[in-house]
2 protein chains.
Amino acid sequence: MSLQHALLGVLEARPMSGYDLVQFFDSSTGWIWAAPQSQIYPTLRRMERAGLISGDDEPRGPKLTRTVYSVTPQGRTELEQWLSTPHDPAPPRDPFLVQALNFDEIDVEKAHAVLEQFIAEQEKSADEAEAHRDRLLAKDTMLLKERLTRRDPADHDRIARLKAHVFAGVAAVARTRAEWAREGQRLLTED
Amino acid sequence: MSLQHALLGVLEARPMSGYDLVQFFDSSTGWIWAAPQSQIYPTLRRMERAGLISGDDEPRGPKLTRTVYSVTPQGRTELEQWLSTPHDPAPPRDPFLVQALNFDEIDVEKAHAVLEQFIAEQEKSADEAEAHRDRLLAKDTMLLKERLTRRDPADHDRIARLKAHVFAGVAAVARTRAEWAREGQRLLTED
DNA sequence: TTCTCCATGTAAGAAGTTACATGATTGC
DNA sequence: GCAATCATGTAACTTCTTACATGGAGAA
């Protein structure tokens, strides 16, 4: 269900083609929700059949067309309803924690190396999230700019801060994980 | 794949029946990896066919039997190999972040309420993880005790600390998320 | 003309969810 | 005798992954 709501949230900012959305879910929002191309196209058609979005065929050259989807009033209602409801937390399913829980079964050096790579990944992810947070605060991303054209200018700063805060959270969690992993490396080698 | 490795990790501590594992993945390890009964039984049979575990039928009363699975040498090798290899990070897929990213689309009070429930969940999850961390440090869980019977007593403290550290990490992340959500509540209402 | 990007699909399979179903055994 | 627990399954469905497949348009 969440992919559908993620798509609605993005299309609410700007109507887009499937191709645009594929790019988007590989990059920016990729830090929040990842989805491959083979999942996005069928989902868009299902959402259109369900009346949540409607597709508009634009000509691109003499033969090619692209289908630009926008959120219908019904889709808008569904999105607002979903956003306003607390949902059960997703069941925990982090392969890395399964790995860490069994580090006592392997050599200290090997566990140390696995943690090293994990730390690098988390730091990189935190850096990227913070960079994106700053771009949002500066209202310097395409999607935010387009979203703001439809909102009261008095709200622009508040909206930018809210979006930025989500990426600040992603970064904070990644830093916490990295620090935890460093502590784990110390535990592996001590005494 | 990860469910299989999670199962191997648990069975390495103690051979268990499918029923035991169902209980286990609903509770303790539920904070690390959750799996329903309908997934566990077929997975065990697939793993047995693959030679990773072997099932031993124990009689329970005159008619009933339970199948106790234990890790084969091949399963042990596979587990060690997987544990020693760094893996690509799991694609981000957190429905709550999708929700938070669109809080500007709904009423402040509604977003505030959703955050309130999120904070309560995270604090609860942090409390539970910390309680489990303490039980592990005190070597006071069934599974850890049984695991330690097969390990050099000189390593017992180190092993307990390593396991406990994983749950300390789960708790730290949950606290970070809760603090982030409180900051989000302040952002919603300010100015 | 060839390469990159635009644009959209399909198919097979693994993983996960929800719900239903059955029977034995133990303890009160 | 009855309830709770032990023990194991199946079926239908959604979601996600991996890989293959096709062709137009624009630029060098």
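Below, chain A is the first sequence line, B the second, and so on; all start at residue 1. Values below: all heavy atoms of this structure, side chains included; hydrogens, waters and symmetry mates excluded.
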Scoring nucleotides 16-28 of chain C by protein non-hydrogen atoms under 4.0 Å (B base, S sugar-phosphate only, - none) yields BBBB----SS---
| Set of residues satisfying salt bridge (Lys or Arg N to Asp or Glu O under 4.0 Å) with respect to B:Arg76, sequence neighbours excluded |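 With neighbours one apart ignored, the set is A:Glu105, B:Glu12, B:Glu80.
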Salt bridge (Lys or Arg N to Asp or Glu O under 4.0 Å) partners of A:Glu116, counting only residues at least two apart: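 Partners of A:Glu116 under the salt bridge (Lys or Arg N to Asp or Glu O under 4.0 Å) test: none.
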Salt bridge check: are [X] and [Y] linked by an N-O gap of less than 4.0 Å?
X        : Y        : result
B:Asp155 : B:Arg161 : no
B:Lys124 : B:Glu121 : no
A:Arg45  : A:Glu48  : no

Rounded to whole Å, please give me the gap between [atom1] in [X] and [atom2] in [N].
X       : N      : atom1 : atom2 : value
B:Arg49 : C:dA14 : CZ    : P     : 11 Å
B:Met47 : C:dA15 : CE    : P     : 11 Å
A:His5  : D:dT15 : NE2   : C1'   : 15 Å
B:Met16 : D:dC6  : CE    : C1'   : 15 Å
B:Phe25 : D:dA7  : CZ    : C1'   : 18 Å
A:Gln23 : C:dC6  : CD    : C1'   : 8 Å
A:Leu44 : C:dT8  : CG    : C1'   : 11 Å
B:Leu21 : D:dT8  : CG    : C1'   : 13 Å

Quick one: is B:Arg45 getting a side-chain N or O under 4.0 Å of the D:dG9 phosphate, OP1 or OP2?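 For B:Arg45, the contact criterion (side-chain N or O under 4.0 Å from OP1 or OP2 of D:dG9) is met.
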Under 4.0 Å: is that the gap between some side-chain N or O of A:Tyr19 and OP1 or OP2 of C:dC6?
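The answer is yes; a side-chain N or O of A:Tyr19 sits under 4.0 Å from OP1 or OP2.
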| task | Would you confirm whether B:His5, through its side chain, and B:Leu83, through its main-chain N or O, come within 3.5 Å as a donor-acceptor pair? | result |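 It does not hold such a pair.
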